[in-house]
Amino acid sequence: MADEGKHSYRDTLNLPETNFAMKANLVQREPQRRKQWAQEKIYAQIRAARAGAPLYILHDGPPYANGDIHMGHVINKVLKDFVVKYRTMAGFDAPYIPGWDCHGLPIESKVVTDLGPKAREMPKEQIRRECMKYAGKYVKIQARQFQDLGVFGAFDDPYLTFKPAYEAGILEVFAHLVGKGLVYKQLKPIHWCVGCETALAEAELEYKDVASPSIFVNFPATDETVQRLIELGLVPDERARQAVVSFMIWTTTPWTLAANLALAVHPYLDYTTVRYEKNGRTYVSVVATDRVQAVVQAGKLPAGQYVVGDKTVRGTELEGLRYQHPFVENNPTDKDAYVVILADYVTTEDGTGLVHTAPGHGLEDYLSGQKYGLAVYSPVQDDGTYDDTVPTWLRGRSVLDVEKDVNGWLQEHGWLFARGQIQHSYPHCWRSRDPVIFRATEQWFIGVDKELPDTGKTLRQMAMENVEQVRWIPAWGQKRIAGMLESRPDWCISRQRSWGLPIPVFTAPDGRTLLTKESVLAVSKHVAQHGSDSWFTHSPRQILGDGFALPEGFNLDELQKEENIFDVWFESGCSWYSVCARREHWPVPVDLYLEGSDQHRGWFQLSLLPALGAIGSAPFRSVLTHGFTVDEKGMKQSKSLGNYVSAQDEVTKYGADILRLWVASVNYQEDVRCTDELIGRTQDAYRKIRNTLRYLLSNINDFEPQQQAVPYEQMFAIDQWVMQELQKLIAEVTEAYDESVFHRVFSLLYNFCTVQMSSIYMDVLKDRMYCDAADSPSRRSGQTAMYHVLSALVRLLAPILVHTMEEAWEALIHKPEDCPSIHLAHMPQVNPTLAEAGQEAKWQKLMSLRDEALRVLEGLRRDKIIASNQEASITMQCTPEDAAALKEFGLSQFAALCIVSEAKLAEGAAQTTVTAGKSPHAKCQRCWNYWPSVGTDPEHPDICARCAAVVTP
RNA sequence: GGGCUCGUAGCUCAGUUGGUUAGAGCGCACGCCUGAUAAGCGUGAGGUCGGUAGUCCGAAUCUACCCGGGCCCA
């Protein structure tokens, strides 16, 4: 049969062979590989192998130990693993200690909710035990899920913020801050449930639409202020004498009026007056010009019964003016009060354009109060009743049911302009369902504007300076964090919860607090041994120790322990100390922090401040941030929106290497579009890369580099070209890795596989590889190049395709380095002598001539003159310049480059063109070339001379 | 509402200091090969650069405004 003849030479060819399978089967094979790594203790091996090498520290930011990981975690952990694995292969000792944020409200809330009503009777220690169990459970789950992504690290000994050693570290940092006088106690308004008599966090609030009172109240101006208003032209002189001149405010919480200390106006809004008669009196009230109509409507003033002033002034003109409180006779605080202040949160959306300000009962009010040096006045007790500093008719009454009394009093005395109701969303306690109030309580703060004794600068100043020394990737991170540092208030570090590290404050019976560097260090020592639970189970004497030298006037046995815990941000903000400095003795600042861009406000800033306070330096040299996952339209992802991608599903569907390759392919600095389809498409790239490696592996199967490598000078020109392309690739990929531009790493490597390798080199090489004698110099030349390419590609890809490259490393018979795992190997280096210049233009010319030839051949194929290019003979009608290039390269080499059987040259054309036709020669049945030499060997009439020589023993 | 930030072919990315017909790979369409075969090769069609108005001899690249996203605040 004819077919038999066609295939009779197949056995004489050097066809590719490898046990590196074409089908990856990642989902099945990856877990086996991980198991093997675990058994071989790969992370420990790497540590041992790099011991003594220069350190590169990427310090892990702790995710919250709650729930399964999501795609955001995948991006974060995989990027970190790229860095760590690359630095390791670049020769650094790059340990990775994963950590978890274990304390905090979300866990406590979940645990308390799961426990149900019995939680209320449980002692704190017991709730804390449950919380620890819960956190521990999710640490295990997430650790498993992170490792399933191929991440290496000290997962058998991670850092957990509830471990005694970690907690002790936090307290040591805190001790430094206390010692430098940065820590202080002050009243601050927080959400408070009067039913539960407890502080609530934002997450414990439920917002419900309710009807609230809405009242407009006049605050009478002082005589001096009236004078000033006359001078400003707001109030005509003659009117002032016979009218009540006042500032009109609007509020939905009449009970807070008792704590009013100021009125806020917007600096750039216009203010004017409304004059009207009510109950036989004439009023002139200052309101924002844009609110006049709304005010008139609220007061139901008939047209013609009121007069709007013709003069307006800016809010800045009103700053510092004074008024009398409508029902509090004397300023109950020891600071200034009853003054007009400026605030840019004043709007014209509702109210009068003047905002009633009670620093003890609102967050904005509080911040304004701080700015103007007002007291944080909160005359409300734990149970929601007024204390004795308010007028007698309010004392002891609950703030939740004084609305009628307040309104009535204001009405009676002529200060109530209008009253109504308003529907709005108001916070309620998640447990009691009661409306929540804002109430000032004592909290602990770290002052950012207090001068440090050692530097003479404030934390804010130091932060602003240090931020310029840090390398931010991308660079705008600096602007972002600087903006936040510029305007941030003092850091409130206390929380009224159970699941956290107690703030080590003792109080004496007379109310004085004991908080010194020494006392904190003593507690730290105790916590290091017994854990923070002991704060609840041990006495102050046991905690501080019998020998503790108390300051004057304190008695060990009379001390009480405060029951505030630290803001969890303070805990994680000390990880640079607890983990890097204290546990590992690494030099701080460390090399890199790498997190999502939300951490500019969070972990980066809140690590920077404690570090500056404690050691006077930032904890990091560089900070890299990534964006967030969004859906295909660029919108944020959430389970409720239904555009959520489950990380678990993706891993089990495609395998970790696909996810990792996907992470490498996108620009993480921006938002990352993430859909199952997008991740699925990465499989195409993976297959191309895998097949490229497989082809290279299968063609050097019989190659022994030590004995059979061909020196560069003796290599075929196209093989030299590949060697040069490889040097470029190594240089560019290395640079991209160094700069952490992983999507460039990806595109460089992927394009190299696709273009240089698959579409050009490996195709061109087939004739030589398959048909030349196995041990011929021509074949060995190609194998030498392929070997170098392969050994470089495998290592360059290893930080990304961690499983697949380990598999390829295994399949590589002669490794460039004798190590059992590719993750112990070193990155390929550029060979400077090969990276010679001057070849680029030559190859660009040759490749463009090749492109032209291929286009012409495509025409022949379309006309059914040829099928494969090997059937063709091309003629290059060349310009003298192109002809010279071709002659220098060699026409037979050019034919090989185009994979045609013959290339001829015709010189002297004005413009280079290509003509082609079917080869006139016979087809060699072995190499399929149409060469003149076919049939010249009588022993083998159906093959060419080259093939005849090869098959002849 | 504020701070920071993003918007180039269906997708993922390039596009130095503004300068000839805006590039690559993938995908897609069409075709070839069957000695990388649940592979491989070739050819080709796709963007006027989120929009508008400016500056300039000339703008994806500079300015202003607008639209639509994201993160963090309010």
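Convention: sequence-line order gives letters A, B, ...; per-chain numbering from 1.
By the 6.0 Å contact criterion, CD on A:E735 is open, its count of non-hydrogen atoms from other residues, nucleotides or ligands being 12 or less.
B:G31: glycosidic angle beyond 90° from 0, hence anti.
Sorted by first and then second residue, the salt bridge (Lys or Arg N to Asp or Glu O under 4.0 Å) pairs with a member in residues 692-702 of chain A read A:D702-A:R779, A:D702-A:R780; sequence neighbours excluded. Under the salt bridge (Lys or Arg N to Asp or Glu O under 4.0 Å) criterion, the residue pairs touching residues 471-491 of chain A are A:R471-A:E739, with sequence neighbours excluded.
The shortest distance between the side-chain N/O atoms of A:R694 and the OP1/OP2 oxygens of B:U37 is below 4.0 Å. Taking only side-chain nitrogens and oxygens, A:Y750 never comes nearer than 4.0 Å to OP1 or OP2 of B:A24. Proximity of A:S758 to the phosphate of B:C41: a side-chain N or O atom is located under 4.0 Å from OP1 or OP2. At the phosphate of B:C41, neither OP1 nor OP2 sits under 4.0 Å from any side-chain N or O atom of A:K766.
Under the salt bridge (Lys or Arg N to Asp or Glu O under 4.0 Å) criterion, A:D657 pairs with no residue, sequence neighbours left out. Qualifying salt bridge (Lys or Arg N to Asp or Glu O under 4.0 Å) partners for A:R314, counting only residues two or more places apart in sequence or in other chains: A:D270. Every residue meeting the side chain to side chain donor-acceptor pair (under 3.5 Å) condition with A:Y654, not counting sequence neighbours, appears here in chain and number order: A:D676. In this structure A:T682 satisfies the side-chain contact (heavy atoms from CB on, under 4.5 Å) test together with A:I658, A:L661, A:W662, sequence neighbours excluded. With sequence neighbours left out, A:R460 forms a side chain to side chain donor-acceptor pair (under 3.5 Å) with A:D449. The side chain to side chain donor-acceptor pair (under 3.5 Å) search around A:S698 returns none, not counting sequence neighbours. Applying the side chain to side chain donor-acceptor pair (under 3.5 Å) test to A:S776 and every residue at least two apart in sequence or in another chain returns A:S778.
Taking atom OH of residue A:Y686 and atom P of nucleotide B:A39, one finds them 13 Å apart after rounding to whole Å. Atom C1' of nucleotide B:U34 and atom CZ of A:R861 are separated by 14 Å, given to the nearest angstrom.
When the nearest nucleotides of RNA chain B are assigned to A:G483 and A:L854 by heavy-atom distance, the more 5′-ward of the two goes with A:G483.
Distances were taken from every side-chain heavy atom of A:M22 (C-beta onward) to each of B:G40, B:G25, B:A36; the shortest belongs to B:A36. Of all nucleotides listed (B:U43, B:A39, B:C72), B:C72 comes nearest to the side chain of A:R480. Taking the side chain of A:N751 as heavy atoms from C-beta on, and the options B:G25, B:U34, B:G40, the nearest nucleotide is B:G25. Closest to the side chain of A:S759, out of B:G70, B:G42, B:A36, is B:G42. With distances taken from any side-chain atom of A:K688 to the nucleotides B:G35, B:G31, B:C41, the minimum falls on B:C41. The side chain of A:D598 approaches B:C71 more closely than any other nucleotide in the set B:C32, B:G42, B:C71.
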Task: Contact pattern, 5' to 3', of nucleotides 44-49 of chain B - B, S or - by protein heavy atom under 4.0 Å - done: S-----

Open item on the list: Walk along nucleotides 5-17 of chain B from 5' to 3' and tag each nucleotide B, S or - by protein heavy-atom contact under 4.0 Å, base first, then sugar-phosphate.
Closed with: SS----SSSS---

Below 3.5 Å between N/O atoms, which protein atoms pair up with nucleotides 64-66 of chain B? Just atom names and distances, please.
none

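A:E677 comes within 4.0 angstrom of no nucleic acid atom, judged by non-hydrogen atoms across all strands.
Because its NZ or CZ atom is both nearer than 6.0 Å to the ring centre of A:F20 and within 45° of the ring axis, A:R690 counts as a cation-pi partner of that residue.
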